[in-house]
Structure formats: C-alpha cells, structure tokens
Amino acid sequence: MADKTLSVMNEERWLVSYADFITLLFAFFVVMFASSQVDRKKMAAMAATFDSYVSGGKQATRGTKAPGATAPAATPQPADARRAVLGLTMVELRPTQERLAEVLYAEILSGTVEISLQPRGLVLSLKEAAFFKPGDDVVSASARPVFAKVAEALRQVPGQIRLEGHTDDTPIRSRKFPSNWQLSTARSVSVLKLLTREFRLPEERFAVAGYGEYDPIDSNSTEAGRGKNRRVDLVVLTQAAAAMAPS
C-alpha cells in the first residue's frame with residue numbers, strides 16, 4: 001500500500017512545477033501591466049505638453065519638465081486668457097465696428113476716418129490731414145477727442161492691435177525724416193504713445209509698422225489719391241492674423 005501511495009506521489013510531482021510556472025507567469029503579466037500603466041501616464045503628460053504648445057500656451061504641463069530642467073513647471077494658459085491675446089473673429093468684431101461707426105459718425109462723414117472689416121481685422125484708417133501736419137509726426141491737439149473715443153471702444157474688445165503708418169510717394173528729405181520709411185514709422189509710434197500713455201491702453205497689445213509709400217490704397221497720380229494714401233491704420237487683429245504674428 002505504501003509503495004502504491006509513493007508511486008502516485010511521484011506521478012503527480014509535475015503539478016508542483018506547473019504551479020510554480022503559473023505563479024511566475026502571473027507575476028510576469030502583473031509586472032507588464034504595471035509598466036504599461038506608467039507608460040500610459042507618461043504618454044498622457046507628453047500629449048498634454050504638446051497640446052499646450054501648439055494651442056498657444058508654449059509652456060510645460062504641471063508636473064512635467066524637460067530632462068535636466070530645474071525650473072518649476074508652469075500651468076497651461078487658460079482658454080479665456082489665450083482668447084484675450086488672440087482676439088476675436090470677424091463676426092465677433094462687427095459690433096465694435098458698428099460702435100465705432102456710431103461714435104465717429106462726423107469724422108467718417110467728413111472723410112477723415114474710414115472703418116472697414118477685413119480678413120486681417122477691424123481697420124480704422126486715420127487720414128493725415130486731420131491728425132498730422134504735412135511731414136510731421138506730432139499728433140494734432142484737435143485729434144485727441146477722436147482718439148479718446150477710439151480708446152474707449154478698444155477697451156471693450158480683446159486682442160492685438162497693429163499701428164501701420166503709410167505715406168504717398170512724394171520723396172521727403174528733412175533733417176528729422178530722411179525718408180518716408182522713418183516718417184510713416186514715427187507716426188505709428190506717436191499714435192502708440194498717445195493711446196498707451198494718455199489713454200492708458202496696455203502696451204503689450206500693440207505692434208508698430210511703417211510701410212512708407214509701398215502700400216497705397218489709391219493712385220498717387222492725383223492729390224485726392226495721395227491724400228488717402230497718407231494715413232495711419234489702426235488694425236484690431238482677428239484671431240487668425242494674431243496667431244501668425246510673433247509671440
């Protein structure tokens with residue numbers, strides 16, 4: 001009887017090895033599963049960082065950092081903050097256009113101001129005759145009430161603003177302005193100073209450009225056409241236009 005029992009035990013010894021194998025296999029899959037969860041978290045962090053960058057935040061997600069980096073991670077920029085930087089769509093800018101058209105009705109009627117809604121943004125075109133003396137960059141004192149109305153309207157709308165100076169093709173050779181490039185840029189800067197220093201609009205909303213005579217809106221062959229070309233355009237950029245501008 002003892003011999004028979006010993007024989008049965010010898011025949012079932014394989015169960016011990018099989019149980020050990022199953023235990024090791026189970027442990028292996030547990031380790032693999034745990035590793036996959038860590039990788040998934042890493043991938044999620046990488047995806048969040050990339051999404052923050054391409055959506056305008058350009059900063060790391062909290063809890064992640066580049067290898068070797070010691071600076072604390074920044075929180076992604078909220079959507080409403082990015083919207084304030086990038087501005088509005090053409091449709092959303094239309095109420096501002098209507099508001100400006102109402103408060104600047106007299107100036108529009110006299111031809112000293114023009115307002116248009118373009119793919120790049122809301123364009124407020126200020127004609128030289130009403131805002132500057134010929135060949136000068138000093139804003140006329142009589143133009144300040146107009147800028148007060150403009151500044152109040154701009155406070156109600158988010159987004160970046162570009163000031164673009166333009167001239168006609170008549171050469172200028174003054175001591176102060178050797179070329180139309182300098183004159184057009186200086187006029188943009190003068191408007192910038194007025195809006196930011198006197199009317200307290202944030203400086204970070206603005207950019208300045210000078211085009212000289214190289215972006216006319218009318219023919220330079222007539223005095224009327226040259227008068228239209230001498231202007232400073234105040235452009236409230238749309239989201240699409242602001243997204244293409246330097247950060």
Atom pair CZ/CG of Arg205 and Leu237 - distance to nearest 0.5 Å: 10.0 Å
Rounded distance [0.5 Å steps], CD1 in Ile108 versus CD in Glu114: 9.0 Å
Residue pair Val191 / Phe206, side-chain heavy-atom distance below 4.5 Å: no
Side chains of Thr112 and Ser110, donor plus acceptor under 3.5 Å: yes
Atom CD of Gln118 with >12 non-hydrogen neighbours under 6.0 angstrom: yes
Reference residue Leu234; test side-chain contact (heavy atoms from CB on, under 4.5 Å); the match among Leu154, Val123, Leu192: Leu154
Rounded distance (nearest 0.5 Å) linking atom CD of Glu152 with atom CG of Leu100: 11.0 Å
Heavy-atom side-chain contact between Arg231 and Ile217 under 4.5 Å: yes
Non-hydrogen atoms of Asp137 and Lys176 that approach each other most closely: OD1-NZ, 2.9 Å
Name of the residue among Asp168, Thr167, Thr170, Asn229 meeting side-chain hydrogen bond (donor to acceptor under 3.5 Å, both in side chains) with Asn220: Asn229
Within 6.0 Å of CZ in Arg155, more than 12 heavy atoms from elsewhere: yes
Candidate pair Val157 and Glu92, rule side chain to side chain contact (heavy atoms under 4.5 Å, CB included), full reasoning: CA-CA 9 Å; Val157 59; Glu92 291 170 327; over 6 Å; no
Stepwise side chain to side chain contact (heavy atoms under 4.5 Å, CB included) test for Glu107 and Lys149: CA-CA 11 Å; Glu107 289 78 10; Lys149 298 175 184 177; 3.9 Å; yes
Minimum-distance pair of heavy atoms, taken over all atoms of Ser188 and Gly165: OG-N, 2.8 Å
Single-linkage hydrophobic cluster Tyr211~Leu183, side-chain heavy atoms < 4.5 angstrom: no
Step-by-step salt bridge (Lys or Arg N to Asp or Glu O under 4.0 Å) determination, Arg144 to Glu198: CA-CA 10 Å; Arg144 276 169 168 73; Glu198 185 168 334; 3.4 Å; yes
Nearest-0.5 Å distance, OG of residue Ser219 to CZ of residue Arg226: 8.5 Å
Shared hydrophobic cluster for Leu163 and Leu104 (ILVMFWY, side-chain gaps under 4.5 Å): yes
Atom NZ of Lys228: over 12 foreign heavy atoms under 6.0 Å: no
Chi angles and distances behind the side chain to side chain contact (heavy atoms under 4.5 Å, CB included) call for Arg230, Phe132: CA-CA 10 Å; Arg230 297 190 297 267; Phe132 301 95; over 6 Å; no
For Pro119 against Met90, the heavy-atom pair lying closest together: CA-SD, 3.5 Å
Distance, nearest 0.5 Å, that separates CG of Leu124 from CG of Asp233: 8.5 Å
Ring geometry between Phe147 and Phe131 (parallel below 30°, tilted from 30 to 60°, perpendicular above 60°): perpendicular
Working for side chain to side chain contact (heavy atoms under 4.5 Å, CB included), residues Val235 and Leu122: CA-CA 5 Å; Val235 187; Leu122 177 59; over 6 Å; no
Shortest non-hydrogen contact from Ser190 toward Val139: CB-CG2, 4.0 Å
Heavy-atom pair with the smallest gap, counting every atom of Ala130 and Ser142: O-OG, 4.5 Å
Within one Ile-Leu-Val-Met-Phe-Trp-Tyr cluster: Val208 and Leu201, side-chain cutoff 4.5 Å: yes
Atom CD of Glu102 with >12 non-hydrogen neighbours under 6.0 angstrom: no
Minimum-distance pair of heavy atoms, taken over all atoms of Ala241 and Arg120: CB-O, 3.4 Å
Joint hydrophobic cluster, Ile161 plus Ile115, side-chain heavy atoms closer than 4.5 Å: yes
Value rounded to 0.5 Å, distance of CG in Leu126 from CD in Glu164: 11.5 Å
